[in-house]
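Chain identifiers are assigned alphabetically (A, B, ...) following the order of the sequence lines, protein sequences preceding nucleic acid strands; residue numbering begins at 1 within each chain.
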Amino acid sequence: MNTSDSEEDSYNERSALVQCESPTIPSYNQDHDVSLPQQTDTKRRRPVSSGLDEPGPVERERASTPDGEEEELTLKYGAKHVIMLFIPVTLCMVVVVATIKSVSFYTEKSSQRLIYTPFEEDPNSVGQRLLNSFLNTIVMISVIVFMTIILVVLYKYRCYKVIHGWLILSSLMLLFWFSFMYLGEVFKTYNVAMDYPTLVMIIWNFGVVGMICIHWKGPLRLQQAYLIVISALMALIFIKYLPEWSAWVILGAISIYDLIAVLCPKGPLRMLVETAQERNEPIFPALIYSSAMVWMVGMADSSNPGSADGRLRNEGGARAQEEEESEDDVAHGGRRRYSAEEDLEEDRGVKLGLGDFIFYSVLVGKAAATGGDWNTTLACFVAILIGLCLTLLLLAIFKKALPALPISITFGLVFYFSTDNLVRPFMDSLASHQYYI
Amino acid sequence: MNLERMPNEEKLSLCRRYYLGGFAFLPFLWLVNVLWFFKEAFLKPAYTEQQQIKSYIKKSAMGLIVWVAVLTTWITIFQHFRARWGEVGDYLSFTIPLGTS
């Protein structure tokens, strides 16, 4: 199987945790929270799919309110948005782990490799294996860097058509080809007979509605569900086609790259986010998962209190509660306007790049595939969530785009290796000696 | 996409597009249409476009029911008679279960 480059790229864009910046003037642009579907690596170089490479910056809505209120808003955002991100990340990991544990296809070692990891890992010699995994990592990271730079250049020079075409092609591949493979394997595992007409109907419906939801307009929940599904599909492909040790080294290297790309002034991801903010445009749909509703242009001009209140009442329960709370804090005079603005700002929520989803799931999936033990899997899962919490906390403090991969992946790797090598033998020998603690 | 925030004409146009799109062998699109616009059409106070949205929802629901009936019938027939059809059955099959006659 050849791998596609485009996936690499999308990976790059995807792994960013982005906070939506709200301009101080009440003319908001519509934010797209579309995320890119992960591209499959089979056909071409990966199209931009889940932003694996780039741990996206964590962006948060910045309230244009006085400092005191801003801090309160920050804290309120923190808890709620953490939960809003926990759920999709957990779902993605659950899907990946469930598939790994039940469908054996994704854990079978195949002789095919991605062209991104050309060096074969020889199980006999440790030194050679280590060297080859580092070489594989170098190849992969350079491909990712290259793709990201091309993407940023395209974006800077406003070649939007090229980028959109690329994204659409990669979503197509993900939604149709990879899900076709996935369904085939699931049916084989459960020994179910499936006929071509029904299968064609299923894949056709799934794919077309997915394309509509991700790239055009669709219900928010459905769009989020599709993004989770394609992240999971992409993660499964990675788990299958990356060699053992290379996968771990690549995870580590990607975190470091993420850190550099997002925080350094000349980092490609940072330039991407800044350019998007300068132009007041949403970052590509299909690259980012957004946890909140998209705010539509046209609400900013309704400044009369009546409609603002009406809008507030129409909001979802959680948001309305928050607004009620915030109304208690705000002075009478600016209350309605503040609530309306908060309303709009809250809509953008926190955005997490798809690449982050993918890499988190790859880590947990690999732990489930190779560790073989639920302790290890759960430990990695908890580690990633803790890392995500900390990243969101940092986002609350720094209020600019932050990489979402480094902290979580570091914790995940540390927990994986320590659980595998320390906790597991300990629990095993406790169990074998029938000694309960 | 937040339906709350869209003007009524846009809602109508979106509903209509979803309805028309469903004719391309996309009952899932009709299902999404029905579920998404159900509250708009039936549980909200009346507004001008609501009548048309209601009619689109009803037509989508009918189309959906027809498709579900057709697919259920076909799947039942296939699963029941697949083994007996011999070569044709195998030709139509994507996956063939192991260990059955």
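With a threshold of 4.5 angstrom between heavy atoms, B/Ile75 approaches chain A through side-chain atoms but not through N, CA, C or O.
Shown here are the side chain to side chain donor-acceptor pair (under 3.5 Å) partners of B/Trp74, two or more places apart in sequence or in another chain: A/Asp195, A/Thr198.
Taking all atoms of both residues into account, the shortest heavy-atom contact from B/Arg82 to A/Ala193 is NE-CB, 3.4 Å. Residues B/Pro97 and A/Asn191 share a closest heavy-atom pair of CA-OD1, 3.2 Å. Pairing each heavy atom of A/Pro219 with each of B/Tyr18, the nearest pair is CD-OH, 4.1 Å.
By number of non-hydrogen pairs under 4.5 angstrom with chain B, the leading residue of A/Asn205, A/Val209, A/Ile212 is A/Asn205.
For CD of B/Gln51, the number of neighbouring non-hydrogen atoms (other residues, nucleotides, ligands) closer than 6.0 Å is 12 at most. Heavy atoms of other residues, nucleotides or ligands lying less than 6.0 angstrom from CD of B/Glu87 number 12 at most.
Considering only heavy atoms from C-beta on, A/Tyr190 stays 4.5 Å or farther from B/Thr95 through its side chain.
Ring pair B/Phe94/A/Phe187 is perpendicular by interplanar angle, where above 60° counts as perpendicular and below 30° as parallel.
Contacts between residues 20-37 of chain B and chain A, counted as heavy-atom pairs separated by less than 4.5 Å, involve B/Ala24, B/Phe25, B/Leu26, B/Pro27, B/Phe28, B/Leu29, B/Val32, B/Trp36.
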